Amino acid sequence: MLDPREFIRTKRDGRAHDARDLEAFIAAYHRREIPDYLVSAWLMAAFLNGLDEAETAALTGALLHSGRTFDWTGLGRPSADKHSTGGVGDKISLVLAPLVAACGVLVPMVSGRGLGHTGGTLDKLESIPGFRTFLEPDAMRAQLDRIGVVMVGQGPDLAPADGLIYALRDVTATVERDYFIVPSIVSKKVAEGAGALVYDVKCGSGAFMKTRADAVRLAQRLNAVTRSLGRKAAARVTDMSQPLGAAVGNALEVEESVAVLKGGGPADVRALTLELGALMLSLAGAAPAAEAPRRVQEALDSGAAWERFLELVRAQGGDPAALERAGGMPAAPVVAPVTAERAGVLEAVDSFALGELVVAIGGGRRAKEDEVDPRVGLMVRRRIGDRVAAGDRLADLHLAKDDAGAVGRARACFRVGDGPAAAPELIIERVD
Ligand code: URA
C-alpha cells in the first residue's frame, strides 16, 4: 500500500518516482482514496521539481488506463483529431471538426472546458441553446457513423483521472508545465480512438508556453509520447501573442465560427483552420499532402463544412435556427468600447490578461463549480502592427452590467507606442 506522504516527499526532495508508485498514486486518487489536498501538494512539488521522460510516460499511461479506450476502426474510415494547448479566442475546433468530417475523415473530438485564462470548446458549444456535450458511447458511435463527427466532453469513461486532475490544476496554479500538459492531452486523445492526432501548440502572451523554444519542445514531446502509444502525430507551433480572430468569449466565438463556416470571418481563423485541416487529412491517409489543402479549401468554400456543422448541432440537441436568427444566441446587455488613449502603433497585446479579464467578467471559472456566462467577452478591433488614432476603438467589451473597471483593465492590455511593430507570423514552426 503506497504511503501518499512518502510519495509527496520523494518529489518534494527532487527524486524520481518509480513508475509503479506513480500509477498507484493516480489510481488511488481516481478511486477517491486520496483526498484533493494530498494530490494538490504533490502537483505543486512536481510543478517545482519536474517529472522526467519516464515519469511523464508513466503519468500518461496511468491517466489513459483510468478509463476505456474507444476503437472506431470498425467504421471503415480513417479518423483524426486536433488538440490545441489552449489560447485566447481559439475557436478553431468549431470550424475544423465539421470541415474535416466533410472531407470523409471521422472526427471523434473530445474537448475540455476552460483552463486557467484559456477558453474551452465545451463551454463554447454549450452557448448554443440545447447543445448537449455528453453522449453515451453507443450514441457516439452511431453519430460518428452517420455524420462523421462528434464533439463531446470527457465524461466518466474517458481518462477520468485526467478529468479530476485537470480540474485540480486549474485552481491550484499548476497548469503550465509540459510534463503535466503532455499526459493530460495525450491520455484523452489516445483514449478517444482517433488514428491521427494533430497538435496546435500555442506560443506567446496568451499561451501556457511563452517562448518558441518551450513551445517547440512541448510539440516534440506531444508527438513522441503519442507515437509511443501507436498513433500518428504532427504539430504546429502557432501564434498566441494576440487573440485568434476578433471574438473572445463563448457565444461570441460561436458566432465568429459560423461566419467562417459561411465563407467570411477573420483571415487568421480561416488560414489556421485550413492548415490544420489539411494536415489532419494527410496524416490520416485520406489525401496526399499535396492535394489535402485543395480538398479542405473546397469543403469550406462549397458550404459542405457549414452543412456538416448544422447536422452536428442538430444531432446533439442544439437549435440550428438559433445560429442564423438575429438574437438567437445569448447576447450581453452592455457593449462598452475600449478606446486608445494616444495615437501610434499597436505594439503588443497582453492576451493572458485579456483571458483573465474574460474569466473575471463571468466568461470562465475561478472555482470548479462556477457557472459560465455565455454572453460576455470581447471583440478585438485592432491587430498588432495596426496604426491607431487617439480615441479609436481597440476592442468592444460585452458585459452583463456596466463595469468601468473592466473597461480600464481591457485598455491596459493593449500597448500603443511609437512603433514600428511587425504583424506576428501565424504559423511559427511545423514540427512533423
Ligand atoms: N489542454 C489539456 O487538455 N490539458 C492541459 O494540461 C492543457 C491543455
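Treat the numbers as computed from the prediction; the structure is a model and nothing was measured.
Separation of atoms CD (Glu356) and CG (Asp350) is listed at 9.5 Å; rounding is to 0.5 Å. Residue Ile34 holds its CD1 atom at 12.5 Å from NE2 of His30, rounded to the nearest 0.5 Å. With rounding to the nearest 0.5 angstrom, the CG atom of Asp162 is 10.5 Å from the CG atom of Leu64. Here the straight-line distance linking atom CZ of Arg381 with atom CG of Leu378 works out to 9.5 Å at 0.5 Å rounding.
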Working for salt bridge (Lys or Arg N to Asp or Glu O under 4.0 Å), residues Arg236 and Glu429: CA-CA 6 Å; Arg236 296 290 176 264; Glu429 195 153 331; over 6 Å; no

Determine, stepwise, if the pair Leu272 / Leu426 fulfils side-chain contact (heavy atoms from CB on, under 4.5 Å). CA-CA 8 Å; Leu272 186 53; Leu426 181 60; 4.1 Å; yes

Can you check salt bridge (Lys or Arg N to Asp or Glu O under 4.0 Å) on Lys202 and Asp200, steps first, answer last? CA-CA 6 Å; Lys202 298 291 185 201; Asp200 181 9; 2.8 Å; yes

Go through it in stages, so that I can follow the logic: the residues are Ser351 and Gln242, the test is side chain to side chain donor-acceptor pair (under 3.5 Å), and I'd like the CA-CA distance, side-chain angles, deciding distance and then a yes or no. CA-CA 6 Å; Ser351 307; Gln242 57 190 337; over 6 Å; no

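Among residues two or more places apart in sequence or in another chain, the salt bridge (Lys or Arg N to Asp or Glu O under 4.0 Å) test is passed with Arg227 by none. Under the side chain to side chain contact (heavy atoms under 4.5 Å, CB included) criterion, Glu55 pairs with Lys11, Ala16, His17, Leu22, Leu51, Asp52, not counting sequence neighbours. Judged as a salt bridge (Lys or Arg N to Asp or Glu O under 4.0 Å), and not counting sequence neighbours, Asp214 has no contacts. Among residues two or more places apart in sequence or in another chain, the ring pair (Phe, Tyr, Trp, His ring centres under 6.0 Å) test is passed with Trp72 by Phe70. For the ring pair (Phe, Tyr, Trp, His ring centres under 6.0 Å) test, residues two or more places apart in sequence or in another chain that qualify with His117 are Phe208, Phe352.
Between the side chain of Tyr199 and the backbone N or O of Val431, no donor-acceptor pair lies under 3.5 Å. A donor-acceptor contact shorter than 3.5 Å is absent between the side chain of Glu307 and the backbone of Gly303.
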Compile the donor-acceptor pairs under 3.5 Å between side chains in residues 322-345 and protein atoms, sequence neighbours left out, one pair per line.
residue: Glu324; atom: OE1; partner: Lys262; partner atom: NZ; Å: 3.3
residue: Thr339; atom: OG1; partner: Arg411; partner atom: NH2; Å: 3.4
residue: Arg342; atom: NH2; partner: Asp418; partner atom: OD1; Å: 2.5

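For Glu53, the CD atom counts as loosely surrounded, since its 6.0 Å shell holds 12 or fewer non-hydrogen atoms of other residues, nucleotides or ligands.
No hydrogens or angles considered: nothing links the side chains of Lys189 and Thr226 as a donor-acceptor pair under 3.5 Å.
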